[in-house]
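Each chain gets a letter, A, B and so on, in the order the sequences are listed, and its residues count up from 1.
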Amino acid sequence: MTTLRIHNTLTQKTEDFAPIDPGHVRMYVCGPTVYDFAHLGNARPVVVFDILFRLLSRLYPKVTYVRNVTDVDDKIIAAAKEKGESIGDLTQRTYAQYKADMGALGALDPTVEPKATQHIGDMIAIIQVLMEKGNAYEAEGHVLFHVPSMPDYGMLSKRSRDDMVMGARVEVAPYKRDPADFVLWKPSTDEQPGWESPWGRGRPGWHIECSAMSAKHLGIPFDIHGGGIDLVFPHHENEIAQTRCSCGSDSMSRFFMHNGHLGVEGQKMSKSLGNFITVHQLLDEGIPGEALRYYLMTAHYSQPFDFTREGLTQARAALDKLYIALRGVDANAGADIPDRLLNALCDDLNTPKALAELHKLAKEANKSGTVENKSRLLAAGRFMGLFATAPEEWLRGTAEADGLSDADIEKMITERLEAKAEKNFVRADAIRKELTDAGLILEDNPTGTTWRRK
RNA sequence: GGCGCGGUGGCGGAGUGGUGACGCAGAGGUCUGCAAAACCUCGUACACCGGUUCAAUUCCGGUCCGCGCCUCCA
């Protein structure tokens, strides 16, 4: 097996990965702000880092995967108000939905899913340290991080403070000493959620929770910090600033990994364009979460992903093909995960290459028909979070479109087999046609007739 | 304007300094009562222009086109 190589946003190079503590890999990934259904753009990092989590767990004795839940945020406040729901109800409900949807995508639970509201004290403590060290200041009830206090600010996104100030599209708040300064703590009105702090009742800024929760649950520095590419700036850049200045550490995380953006039918996904697609809505359409997972894995994580209906159809067909190759597999047989699959994933999570290996394994299984080869395919696919369903169950699908129950179908097949035995092919073909028209595919083989839904 | 990414066959999408991954779709064949599935075969793909090289889709430079980020969006 080759070593794991990961593209590091910090160095913009693909590097050999080695954990700081050889016995314990520590990874932090930015999770959801729980105010609405998870959309496809949210689903991508979940699948990407789930693959990484599985791979690391295979390579190292212990992995701690932290994915935070942002449950205090101005978008949440706005959504709760709009829906006439309490913030607590909204965030709890949304989080439960998120877990269900991501579970449908075959994502394992992270080791820890800390909530921002449960770490307010940790955040306040960090802000106090930043104040003491002269990296932060109070102004009009806000506490701000003073960017010029950190000489090498911008190391992740490779931009100078001047670049940012010049490119600023938003009006700079008058109380900022420097246009690039960002909020650590802000005041809350009576209606807004707030916590007592040395600077009065207020709530945390966006970035501070990740600095607090990663330090608490992983320790600084840790191994891998992940998220969408849009988080490079300002979110991760600011996290780095807060963490390094408060901890006095050279780095927050050894590696930073970022997944590419997801668009829909060639366009940016946005509410204003009306092409906002949630995972929940696709599941509701009857699209299996596993098919979505497979589709998301067909492109390398670092590349932009264009979600299309055509692409989803292709992915489902490809996945069906794998399931056909698995027919008759013994789920309990057990087999080693082939090295070539692990090698593909060790190459900076090359999931398209790994899926290609799956298809090669399927071809081998089809050619040989042996239990061993089927088992290898099963083990390989399961490692990637696929094949959660038994092959026959997957292929038969659910009785919806055709309105025929499994028993109805079996009865017609039996009737057709009788017709065949009597060489009454006209009758046999009539039954086949009836079932084909209902969206079913019959497959005659030496031992009988199997069927599946299109 | 700054930073970054990309342009591969009908479609999706890896990859490589010199034998055209893999999947979807399509064509032919084997098999089959007919089918389906499977298997076999079939594609003169690497935006454009220069340069380096024995050899470039792969390296370098330029051009064109597309995309992301630039203060709270994964």
Enquirer: With rounding to the closest Å, how many angstrom separate the C1' atoms on B/C49 and B/G15?
Expert: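 Comparing C1' positions in B/C49 and B/G15 gives a spacing of 25 Å.
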Enquirer: Go through the N and O atoms of the side chain of A/Arg432 and the base of B/A35, and report whether any donor-acceptor pair is under 3.5 Å.
Expert: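 By the distance-only test, yes, there is a pair.
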Enquirer: Taking for each residue the nucleotide of RNA chain B with the nearest heavy atom, is it A/Glu357 or A/Gly266 whose nucleotide lies nearer the 5' end?
Expert: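 Closer to the 5' end of RNA chain B: A/Glu357.
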Enquirer: Could you tell me the separation between the CD atom of A/Glu434 and the P atom of B/A35, rounded to a whole number of Å?
Expert: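 Taking CD of A/Glu434 and P of B/A35, I get 20 Å after rounding.
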Enquirer: Test your reading of the model: is there a side-chain donor-acceptor pair from A/Thr278 to the backbone of A/His39, 3.5 Å cut-off?
Expert: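 No: the side chain of A/Thr278 does not pair with the backbone of A/His39.
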Enquirer: Taking the side chain of A/Asn366 as its heavy atoms from C-beta onward, which of B/A36, B/A38, B/A14 lies nearest to it?
Expert: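 Per side-chain heavy atoms of A/Asn366, the pick is B/A38.
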Enquirer: Report yes if a donor N or O on one partner sits less than 3.5 Å from an acceptor N or O on the other, where the partners are the side chain of A/Asn350 and the base of B/G15; otherwise report no.
Expert: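 Side chain to base: no pair present.
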Enquirer: Is any NZ, NE, NH1 or NH2 atom of the basic residue among A/Arg67 and A/Asp109 found under 4.0 Å from an Asp or Glu carboxylate oxygen of the other?
Expert: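 A/Asp109 and A/Arg67: not salt-bridged.
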Enquirer: How is A/Leu262 classified with respect to the nucleic acid when contacts are heavy atoms under 4.0 Å: base, sugar-phosphate, or nothing?
Expert: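 Base contact.
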Enquirer: Using atom CZ of A/Phe256 as one end and atom P of B/C69 as the other, report the distance to the nearest whole Å.
Expert: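 For the pair A/Phe256 CZ and B/C69 P, the rounded distance is 20 Å.
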Enquirer: Considering only B/C39, B/A37, B/G33, which nucleotide approaches the side chain of A/Lys367 most closely?
Expert: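 Within the option list, the nearest is B/C39.
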Enquirer: Within this structure, what is the NE2-to-P distance between A/His359 and B/A14, rounded to whole angstrom?
Expert: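 Checked: the NE2 to P distance equals 14 Å.
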Enquirer: Look at A/Lys321 and B/C22 and indicate whether a side-chain polar atom (N or O) is within less than 4.0 Å of OP1 or OP2.
Expert: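 Indeed not, no polar side-chain atom of A/Lys321 lies that close.
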Enquirer: Can you tell me the base-pairing partner of B/U44? Count Watson-Crick or G-U wobble geometry only, both distances below 3.5 Å, and say none if there is no partner.
Expert: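 Its partner: none found.
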Enquirer: B/A35 phosphate, OP1 or OP2: any side-chain N/O from A/Lys433 under 4.0 angstrom?
Expert: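 Checking B/A35 against A/Lys433, no side-chain N or O comes under 4.0 Å of OP1 or OP2.
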Enquirer: Answer yes or no: does a side-chain N or O of A/Lys75 lie under 4.0 Å from OP1 or OP2 of B/C73?
Expert: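 True: A/Lys75 side-chain N/O within range (under 4.0 Å) of B/C73 OP1/OP2.
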Enquirer: With distance as the sole criterion, do the side chain of A/Asp444 and the base of B/C34 form a donor-acceptor contact below 3.5 Å?
Expert: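 Result: at least one qualifying N/O pair found.
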Enquirer: Under 4.0 Å between a side-chain N or O of A/Lys268 and OP1 or OP2 of B/C69?
Expert: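 Result: yes.
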Enquirer: Please work out if A/Arg416 contacts a base, only the sugar-phosphate, or nothing of the nucleic acid, heavy-atom cut-off 4.0 Å.
Expert: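 Answer is base: heavy atoms of A/Arg416 come under 4.0 Å of a base.
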Enquirer: For the NZ atom on A/Lys83, are there more than 12 heavy atoms of other groups (residues, nucleotides or ligands in this structure) within a distance under 6.0 Å?
Expert: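 Yes, enclosed.
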Enquirer: Check whether the ring centres of A/Trp185 and A/His142 lie less than 6.0 Å apart, and answer yes or no.
Expert: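 Centroid separation for A/Trp185 and A/His142: 6.0 Å or greater.
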Enquirer: Quick one about A/Asp348 and A/Thr14 (side-chain donor to acceptor, distance below 3.5 Å, no hydrogens or angles considered), yes or no?
Expert: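 No donor-acceptor contact under 3.5 Å links the two side chains.
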Enquirer: If only side-chain N and O atoms of A/Asn42 are considered, is one of them under 4.0 Å from the OP1 or OP2 phosphate oxygen of B/A74?
Expert: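 Yes, A/Asn42 has a side-chain N/O under 4.0 Å of OP1/OP2 on B/A74.
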Enquirer: Can you find an N or O donor on one side and an acceptor on the other, under 3.5 Å apart, linking the side chain of A/Gln314 with the base of B/G12?
Expert: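 Between B/G12 and A/Gln314, which were checked side chain against base, a qualifying N/O pair under 3.5 Å is absent.
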Enquirer: Check every atom of B/C22, B/C72, B/A14 against the side chain of A/Val183 and return the nucleotide holding the closest atom.
Expert: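 For the A/Val183 side chain, the nearest candidate turns out to be B/C72.
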Enquirer: How many angstroms lie between CD in A/Gln242 and NE2 in A/His207, if you round to the nearest 0.5 Å?
Expert: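 Between A/Gln242 CD and A/His207 NE2, I get 6.5 Å after rounding to 0.5 Å.
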Enquirer: When you compare B/C24 with B/G43, how far apart are their C1' atoms, in angstrom units rounded to a whole number?
Expert: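 Their C1' atoms lie roughly 15 Å apart.
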Enquirer: For A/Asn445 and B/U32, what is the distance between atoms CG and P respectively, to the nearest whole Å?
Expert: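 These atoms are roughly 14 Å apart.
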Enquirer: Sticking with atom P, work out how far B/G62 lies from B/G6, rounded to a whole angstrom.
Expert: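 So the two P atoms sit 16 Å from each other.
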Enquirer: Report the base-pairing partner of B/G1 (Watson-Crick or G-U wobble, both distances below 3.5 angstrom), or none.
Expert: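 Matched B/G1 with B/C70 under the 3.5 Å cut-off.
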Enquirer: Nearest-Å distance, NZ (A/Lys360) to P (B/C22)?
Expert: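 Answer to the nearest Å: 5 Å.
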Enquirer: I'd like to know whether CD of A/Glu434 has more than 12 heavy-atom contacts from other residues, nucleotides or ligands below 6.0 angstrom.
Expert: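 For A/Glu434, atom CD is not crowded (no more than 12 foreign heavy atoms under 6.0 Å).
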Enquirer: Scan every strand shown for a Watson-Crick or G-U wobble partner of B/G20, both distances under 3.5 Å, and answer none if you come up empty.
Expert: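 No nucleotide pairs with B/G20.
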Enquirer: Identify whether any heavy atom of A/Gly311 sits under 4.0 Å from a base atom; if not, whether one sits that close to sugar-phosphate; answer base, sugar-phosphate or nothing.
Expert: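 If one applies the 4.0 Å heavy-atom cut-off, A/Gly311 turns out to touch nothing in the nucleic acid.
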Enquirer: For nucleotides B/G17 and B/A27, find the distance between their C1' atoms and express it as a whole number of Å.
Expert: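 So the two C1' atoms sit 34 Å from each other.
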Enquirer: Taking the side chain of A/Asp230 as its heavy atoms from C-beta onward, which of B/A74, B/G33, B/C72 lies nearest to it?
Expert: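 Among B/A74, B/G33, B/C72, the one nearest the side chain of A/Asp230 is B/A74.
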Enquirer: Pick base, sugar-phosphate or nothing for A/His39, based on heavy-atom distances below 4.0 Å to the nucleic acid.
Expert: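 Touches a base.
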Enquirer: Choosing from B/A21, B/C72, B/G33, which nucleotide comes nearest the side chain of A/Ala356?
Expert: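 The answer is B/A21.
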Enquirer: Below 3.5 Å, does any donor atom in the side chain of A/Glu310 face an acceptor in the base of B/C11, or the other way round?
Expert: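 No, no donor-acceptor pair under 3.5 Å.
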Enquirer: Between B/G10 and B/G26, how far apart are the C1' atoms? Round to whole Å, please.
Expert: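 8 Å, rounded to whole Å.
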Enquirer: Determine the contact category for A/Ile441: base if any of its heavy atoms lies under 4.0 Å from a base atom, sugar-phosphate if only primed atoms, P, OP1 or OP2 are that close, otherwise nothing.
Expert: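 A/Ile441: backbone/sugar contact only, no base atoms under 4.0 Å.
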Enquirer: Between B/U8 and B/A45, how far is it from one C1' atom to the other, in whole Å?
Expert: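 One C1' to the other, the span is 6 Å.
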Enquirer: What is the separation between atom CD1 on A/Ile324 and atom C1' on B/C39, rounded to the nearest whole Å?
Expert: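 Going from CD1 in A/Ile324 over to C1' in B/C39 covers 14 Å.
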Enquirer: Take the protein atom CG of A/Asp306 and the nucleotide atom C1' of B/G66, then report the distance between them rounded to whole Å.
Expert: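 From A/Asp306 CG to B/G66 C1': 12 Å.
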Enquirer: Applying a 4.0 Å non-hydrogen cut-off, can you work out what A/His261 is touching in the nucleic acid: base, sugar-phosphate, or nothing?
Expert: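 Result for A/His261 = base.
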Enquirer: On the six-membered ring of A/Tyr137, is A/Lys176 placed so that its NZ or CZ lies under 6.0 angstrom from the centre and within 45° of the ring axis?
Expert: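 The answer is no, since A/Lys176 fails at least one limit relative to A/Tyr137.
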Enquirer: What interatomic distance, in whole Å, is found between C1' of B/U53 and the corresponding atom of B/A37?
Expert: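 Per the computed distance, 49 Å lies between those C1' atoms.
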Enquirer: Identify the nucleotide, in any strand shown, that forms a Watson-Crick or G-U wobble pair with B/U32, with both distances under 3.5 Å; if there is none, say none.
Expert: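 Across any shown strand, B/U32 pairs with none.
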Enquirer: Please check if the distance between the ring centroids of A/Phe255 and A/His225 is under 6.0 Å.
Expert: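 That pair fails the under 6.0 Å test.
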Enquirer: Quote, to the nearest angstrom, the C1' distance that separates B/A14 from B/G9.
Expert: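 Result for the C1' pair: 14 Å, nearest Å.
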Enquirer: Using atom CD of A/Glu239 as one end and atom C1' of B/A74 as the other, report the distance to the nearest whole Å.
Expert: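 Answer to the nearest Å: 13 Å.
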Enquirer: Just call it for A/Gln12: base, sugar-phosphate, or nothing, with non-hydrogen atoms closer than 4.0 Å on any strand.
Expert: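 Sugar-phosphate contact only.
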Enquirer: Taking any strand in view, what nucleotide pairs with B/C64 in a Watson-Crick or G-U wobble way, both distances under 3.5 Å?
Expert: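 Checking every strand shown, B/C64 finds its partner in B/G7, with both distances under 3.5 Å.
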Enquirer: Pick the closest RNA chain B nucleotide for A/Lys420 and for A/Thr308 by heavy atoms, then say which residue is nearer the 5' end.
Expert: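 Its nearest nucleotide being more 5', the pick is A/Thr308.
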